[in-house]
Amino acid sequence: YFSLFLLAGVSIAISLALTTSCRKSPDPIVGKNVSDQDPAIETVAHVTSPRLISLSPAITEILCMIGLDPHLVGRTPACDFPNEVSSVPFVMDEKGNLSLETVSALKPDFILMPDQLAASPLHTELSKRKLNHIGIRRDSLDDIYQSVFSIGDRYNAESVASDWLAGMDELTSGLRSECAEAIAAAGGISPGILIVLGRIPANGTQPARLIVAGRNCFQQGILETLGARNVITSSVPYETVSMAQVTELAPAIVLEIVPASLSADRQSALLLSWARYGSCPAVATGKVTILAETYALRPGPRIGLLFRDV
């Protein structure tokens with residue numbers, strides 16, 4: 001299920017070799033509109049009633065949160081929230097294969113997608129069809145905040161985006177104070193937390209491993225905001241560790257995030273699997289939690305719920 005998280009819940013199985021891009025601006029919207037690059041394409045940056053396609057559940061949630069759901073004309077099967085999008089047609093199949101023909105037929109003014117896709121060969125394919133597309137960064141907590149503001153600013157919903165940001169600031173300030181009091185009561189020692197995002201089964205001589213949140217990801221930003229300490233110090237966003245390494249890291253709290261679709265029996269089995277590692281402080285004190293919520297895997301406007309969970 002970690003593959004869902006890597007694409008923020010989007011199972012996009014396009015066989016394209018992704019390339020990397022960099023940009024000095026903190027604005028998470030990367031790449032230019034095709035119309036900015038090709039003078040033969042009509043500029044549509046100021047369309048008052050834009051037709052939008054989203055290739056990410058998190059982006060879809062942002063669009064709906066700021067009131068742009070009436071403008072959404074295409075989505076992915078993973079874009080399942082809020083309920084208002086249920087009637088919006090899919091532009092890819094259940095296996096994640098994007099249909100460029102369907103996209104073209106919907107005549108979108110803009111296609112919004114994760115920045116990795118906007119910097120991939122898909123950019124060339126969309127450009128050939130003269131389809132405007134925008135890549136949006138959502139890797140870090142700051143990226144999420146910036147993406148909400150930038151999308152709101154682009155589509156004349158600045159006030160709604162600003163209200164959401166103000167609400168997040170109030171929420172995180174209150175939670176940070178609560179956590180500071182709890183840390184002070186515990187002797188001023190910030191608890192070490194391990195956030196688990198997936199499991200890799202044992203394979204031959206390879207032991208089972210956990211996929212965990214490292215640095216440079218939005219989960220790390222949540223921990224930092226709350227004054228908690230990530231026991232993973234690797235500079236990469238996501239790391240794999242063995243259970244033996246977890247025991248050595250000695251987290252005081254373990255939060256294992258799984259898809260909401262995971263059955264209750266499977267969730268119970270995951271929780272029970274931790275019992276054999278009683279030397280891990282989180283296991284010994286009963287502070288291992290299985291969180292089966294879709295929002296916990298999406299870098300979108302419902303991150304306030306994940307803040308509360310952590």
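Only a predicted model underlies this, so the values are computations on that prediction, with no experimental measurement involved. Residue numbers count from 1 along this sequence. Below, all heavy atoms of this structure are taken into account, side chains as well, without hydrogens, waters or symmetry copies.
Put simply, the side chain of Ile193 does not reach to within 4.5 Å of the side chain of Pro251, judged on heavy atoms. Within the 4.5 Å cutoff, no side-chain heavy atoms of Tyr277 are placed close to those of Val288. In this structure, the side chains of Cys64 and Val85 come closer than 4.5 Å at one or more pairs of heavy atoms. Side-chain contact between Ser49 and His71 is present, with at least one heavy-atom pair separated by less than 4.5 Å. Under the 4.5 Å side-chain criterion, counting only non-hydrogen atoms from C-beta, Ile62 is not in contact with Arg138. Using a 4.5 Å heavy-atom cutoff, the side chains of Arg137 and Gln146 are not in contact. At least one side-chain heavy atom of Val231 sits less than 4.5 Å from a side-chain heavy atom of Arg229. Side-chain contact between Asp69 and Thr60: absent, with no pair of heavy atoms (C-beta onward) separated by less than 4.5 Å.
Looking only at distances, no side-chain donor or acceptor of Ser150 sits under 3.5 Å from a matching main-chain atom of Ser147. The backbone N or O of Lys107 lies less than 3.5 Å from a partner atom in the side chain of Arg51, making a donor-acceptor pair. A donor-acceptor contact shorter than 3.5 Å links the side chain of Ser190 to the backbone of Gly227. Judged by distance alone, the side chain of Arg75 and the main-chain N or O of Val88 form a donor-acceptor pair under 3.5 Å. A donor-acceptor pair is defined here as one N or O able to donate and one able to accept, closer than 3.5 Å; such a pair exists between the side chain of Asn230 and the backbone of Ala213. A donor-acceptor contact shorter than 3.5 Å is absent between the side chain of Glu181 and the backbone of Glu178. Of the possible donor and acceptor atoms, one in the side chain of Asp143 sits under 3.5 Å from a partner among the backbone N and O of Ser140. Formation of a donor-acceptor pair under 3.5 Å by the Asp109 side chain with backbone atoms of Asn132 is not found in this model. A distance-only check finds no donor-acceptor pair linking the side chain of His133 to the backbone of Ile111 [under 3.5 Å]. A donor-acceptor pair is defined here as one N or O able to donate and one able to accept, closer than 3.5 Å; no such pair exists between the side chain of Ser162 and the backbone of Ser159.
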Residues Arg199, Leu210; criterion side chain to side chain contact (heavy atoms under 4.5 Å, CB included); working and verdict
CA-CA 5 Å; Arg199 298 192 181 202; Leu210 302 178; 3.6 Å; yes
Under the criterion side chain to side chain contact (heavy atoms under 4.5 Å, CB included), I'd like the reasoning laid out for Leu262 against Leu270: C-alpha separation, chi angles, the key distance, then a yes or no.
CA-CA 11 Å; Leu262 201 66; Leu270 288 177; 3.7 Å; yes
Asp139 and Asn216: CA distance, side-chain angles, deciding distance, side chain to side chain contact (heavy atoms under 4.5 Å, CB included) verdict:
CA-CA 7 Å; Asp139 300 324; Asn216 301 316; over 6 Å; no
Could you go through the side chain to side chain contact (heavy atoms under 4.5 Å, CB included) check for Val103 and Arg129 one step at a time?
CA-CA 10 Å; Val103 169; Arg129 291 166 172 77; over 6 Å; no
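Following chains of ILVMFWY side-chain contacts shorter than 4.5 Å, one cannot reach Val254 starting from Ile183, and the two form parts of different hydrophobic clusters. With hydrophobic clusters built from ILVMFWY side chains whose heavy atoms lie under 4.5 angstrom apart, Val160 shares a cluster with Ile151. Leu197 and Val236 end up in different hydrophobic clusters when Ile, Leu, Val, Met, Phe, Trp and Tyr side chains are linked at under 4.5 Å. Criterion: ILVMFWY side-chain heavy atoms under 4.5 Å apart, direct or through other members. Under it, Phe81 and Leu72 are not part of a common hydrophobic cluster. Both Ile195 and Ile253 are part of a single hydrophobic cluster, where members link through side-chain heavy atoms under 4.5 Å apart.
Note that CG of Leu106 is 9.0 Å distant from OG of Ser99, once rounded to the nearest 0.5 Å. Going from atom CG of Leu122 over to atom CG of Leu55 covers 7.5 Å, rounded to the nearest 0.5 Å. We find the CG-CD1 distance between Leu63 and Ile59 to be 7.5 Å, quoted to the nearest 0.5 Å. A distance of 13.0 Å separates CD1 of Ile211 from CD1 of Ile257, quoted to the nearest 0.5 Å. One distance of note links CD1 of Ile290 with CD of Gln267; it measures 7.5 Å at 0.5 Å rounding. Rounding to the nearest 0.5 Å places CD1 of Ile144 at 8.5 Å from CE of Met168.
Between Pro259 and Ala292, the closest heavy-atom pair is O-CB, 3.8 Å. The minimum heavy-atom distance linking Leu100 with Glu125 is given by the pair CD1-CB, 3.9 Å. Cys217 approaches Pro237 most closely through the heavy-atom pair SG-O, 3.6 Å. Nearest approach of Pro77 to Phe90, heavy atoms of both residues: CA-CE2, 3.5 Å. When every heavy atom of Thr285 is checked against every heavy atom of Ala252, the shortest pair comes out as OG1-O, 4.3 Å. Taking both residues in full, the closest heavy atoms of Ala118 and Met113 are given as N-SD, 3.5 Å, listed atom of the first, atom of the second, then distance.
Every residue two or more places apart in sequence or in another chain was checked for a side-chain hydrogen bond (donor to acceptor under 3.5 Å, both in side chains) with Trp164, and none qualifies.
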Would you be so kind as to tabulate the donor-acceptor pairs closer than 3.5 Å made by side chains of residues 302-310, with sequence neighbours excluded?
unit_1 : atom_1 : unit_2 : atom_2 : d
Arg302 : NE     : Glu61  : OE1    : 2.9
Arg302 : NH2    : Glu61  : OE2    : 2.7
Asp309 : OD2    : Tyr295 : OH     : 2.7

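Within the structure, side chain to side chain donor-acceptor pair (under 3.5 Å) pairs that include any residue of residues 79-91 comprise Asp80-Arg298 (at least two apart or interchain).
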